[in-house]
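Here the structure is laid out as structure tokens; the discussion comes afterwards.
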Amino acid sequence: MAAATLSSTVFAISTSCSSSSLKARNFKNLACSTFCSQNRIPYNPISARPSISRIRATILQEDEEKVIVEESFEFKASSPSDEVKSSSGGPSESSSSSTFEGWVIKCEQTINIFLTDTVIKILDTLYRDRDYARFFVLETIARVPYFAFMSVLHMYESFGWWRRADYLKVHFAESWNEMHHLLIMEELGGNAWWFDRFLAQHIAIFYYFMTAFMYIISPRMAYHFSECVEGHAFSTYDKFIKARGEDLKKLPAPEVAVKYYTSGDLYLFDEFQTSRAPNSRRPKIENLYDVFLNIRDDEAEHCKTMKACQTHGNLWSPHSRAEEEDDAPCVIPQTDCEGIVDCITKSLTTKPEN
């Protein structure tokens, strides 16, 4: 039965490649959706959107863009009928597995929220009236998870367990964005005190190893923890903008912010915003208010990306998706795994492709 299902799916994909480009795109989305549902791989609705490479750049005007940070990832058990179709076991076995997984996710999120709240209380105590120093510490820490993710994925690649380039591209783009946030805070004087630099750097070292370990055990938990951190960053900047907005509009924008947001190659700027089409966001930077407004919006985009990552295999590079929509190629599932246990199990049970 499984062989017949896979054979029909491959036939559907190969048929889409030989059709016209418009028909290929429409049929490819149906085939991918069918393949994902039959193999219990979450289907990314982004793949079904129109050709995003044809969307032109837009300039944000005076009106602020409303940024919405979605609620944290929540596990939703499949319906009994879906369980029967997608599992070789009976409904009771699938229901038991779903209940256990839901319990594990709840425990992971509870631990993450506790850790995040603890760090927030420490920062609130140390940086109650020192905003730029607090932002410097936040941005020093914010880059660390992406370093940890890439380190683990590079290790998996070395063993032949991982071949999803999109994850590496997006995580690097996220670290590049956070690095420029850090440079902006340094230019504003957030790193003036030795204590602030010492605290931020040593927290970052601990955070790196903790995140790498967490990512090896449970990528879903590591991504949720990063979502919590980015959500706090968004909330912090949003409150700061509302409290100091009028004063910020009277101050000039740091040069590094103007260069990053408005000039040069913006490929990496588009790359970390996985919920958007490339070239669809082009900020205006006229004063310090615009800088913090865009930093806040960046944090919202990080939240969305981290949320998407919590569903295994659900992350796609915006540019890769644009190229795929243009060429309408047949996409073969890439080698990947979810955590060290899954990686080792697959390496022992899966025969290498010739």
Side-chain angles (χ1 to χ4, degrees), residues 67 69-72 108-149 174-215 221-245 247-248 251 254 256-257 272 288-289 291-307:
V67 180
V69 180
E70 300 181 45
E71 294 182 359
S72 178
E108 292 175 351
Q109 294 187 354
T110 300
I111 294 172
N112 289 340
I113 293 172
F114 172 77
L115 292 174
T116 306
D117 289 343
T118 301
V119 174
I120 291 174
K121 291 179 180 178
I122 295 174
L123 294 179
D124 287 342
T125 302
L126 295 176
Y127 298 100
R128 185 175 302 276
D129 300 318
R130 301 177 57 228
D131 294 320
Y132 292 161
R134 180 192 183 101
F135 298 156
F136 167 77
V137 174
L138 282 176
E139 297 302 343
T140 301
I141 298 172
R143 300 185 303 159
V144 170
Y146 309 118
F147 297 156
F149 298 157
E174 289 180 296
S175 70
W176 187 255
N177 175 259
E178 298 289 9
M179 182 194 74
H180 283 83
H181 292 179
L182 179 61
L183 293 176
I184 291 171
M185 300 312 159
E186 290 178 349
E187 189 168 336
L188 292 173
N191 65 334
W193 289 17
W194 175 87
F195 172 78
D196 297 329
R197 299 193 300 272
F198 178 87
L199 179 66
Q201 292 163 1
H202 285 75
I203 291 178
I205 292 174
F206 173 79
Y207 188 24
Y208 171 83
F209 287 104
M210 185 193 77
T211 304
F213 176 77
M214 187 184 294
Y215 194 61
M221 182 178 182
Y223 284 131
H224 177 261
F225 187 59
S226 294
E227 181 193 353
C228 292
V229 173
E230 298 293 358
H232 169 67
F234 171 86
S235 177
T236 300
Y237 287 121
D238 189 56
K239 292 177 182 178
F240 178 71
I241 291 171
K242 292 176 180 178
R244 301 278 301 277
D247 295 333
L248 294 174
L251 299 174
V256 64
F272 82 92
L288 193 56
Y289 176 84
V291 174
F292 278 102
L293 186 67
N294 281 285
I295 291 176
R296 183 204 65 178
D297 293 356
D298 290 347
E299 304 299 353
E301 295 298 333
H302 287 300
C303 283
K304 295 174 186 177
T305 299
M306 292 297 96
K307 179 180 176 65

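Bear in mind that the values here come from a model prediction, so they are computed numbers and not experimental data. Just so it is clear, the values below take in all heavy atoms, side chains as well, and ignore hydrogens, waters and symmetry mates.
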| task | Please lay out, stage by stage, how M306 and V229 fare under the test side chain to side chain contact (heavy atoms under 4.5 Å, CB included). | result | CA-CA 10 Å; M306 292 297 96; V229 173; over 6 Å; no
Value for CZ (F206) from OG1 (T211), rounded to nearest 0.5 Å, stands at 9.0 Å
When Y146, Y223, Y208 are each screened for ring pair (Phe, Tyr, Trp, His ring centres under 6.0 Å) with Y215, the one that passes is Y223
Distance col, row L293:CG vs I241:CD1, nearest 0.5 angstrom, shows 5.0 Å
- Side-chain heavy-atom pair F292, R244 within 4.5 angstrom cut-off: no
Residues passing the salt bridge (charged side-chain N to carboxylate O under 4.0 Å, His left out) test with R134, sequence neighbours excluded, are D124
Across all chains, not counting sequence neighbours, the salt bridge (charged side-chain N to carboxylate O under 4.0 Å, His left out) partners of K121 are none
Distance col, row S235:OG vs K239:NZ, nearest 0.5 angstrom, shows 4.0 Å
To the nearest 0.5 Å, atom CD1 of I111 lies from atom OG1 of T116 at 11.5 Å
Closest heavy-atom pair, F147 versus S175, reported as atoms and distance to 0.1 Å, is CE2-CB, 3.8 Å
- Do N177 and H302 meet the criterion of a side-chain donor-acceptor pair at a distance under 3.5 Å? yes
Stepwise side chain to side chain contact (heavy atoms under 4.5 Å, CB included) test for E299 and E178: CA-CA 9 Å; E299 304 299 353; E178 298 289 9; 3.5 Å; yes
| Is the shortest heavy-atom distance from the side chain of M210 to the side chain of F213 under 4.5 Å? | no
*Just by distance, do the side chain of H232 and the backbone of C228 share a donor-acceptor pair under 3.5 Å?*
no
One should read off an interatomic distance between Y127 OH and F135 CZ, to the nearest 0.5 angstrom, of 12.5 Å
Heavy atoms of A212 and A148 approach each other most closely as N-CB, 3.8 Å
Report task. Quick one: do V119 and I203 satisfy side chain to side chain contact (heavy atoms under 4.5 Å, CB included)? Show the steps, please. Result -> CA-CA 10 Å; V119 174; I203 291 178; over 6 Å; no
Checking T305 side chain against F272 main chain: does a donor-acceptor pair fall under 3.5 Å? yes
Exercise for review: List the steps and the verdict of salt bridge (charged side-chain N to carboxylate O under 4.0 Å, His left out) for E301 and K304.
Suggested key: CA-CA 5 Å; E301 295 298 333; K304 295 174 186 177; 3.7 Å; yes
Is there a donor-acceptor pair closer than 3.5 Å between any side-chain N or O of R296 and the backbone N or O of D238? no
- Apply side chain to side chain contact (heavy atoms under 4.5 Å, CB included) to the pair I184 and E187, showing each step before the final yes or no. CA-CA 5 Å; I184 291 171; E187 189 168 336; 5.8 Å; no
Closest non-hydrogen atoms of F136 and G190, given as atom of the first, atom of the second and distance, are CB-O, 3.6 Å
Shortest non-hydrogen pair, N112 vs F225, comes out as ND2-N, 3.4 Å
ask   = Quick one: does L126's side chain get under 4.5 Å of L199's, heavy atoms only?
value = yes
In this structure, CD of E230 is separated from CG of L138 (nearest 0.5 Å) by 9.5 Å
Residues D196 and A133: closest non-hydrogen pair is OD2-CB, 3.6 Å
On a heavy-atom basis, the closest approach of C303 and G231 is SG-N, 3.3 Å
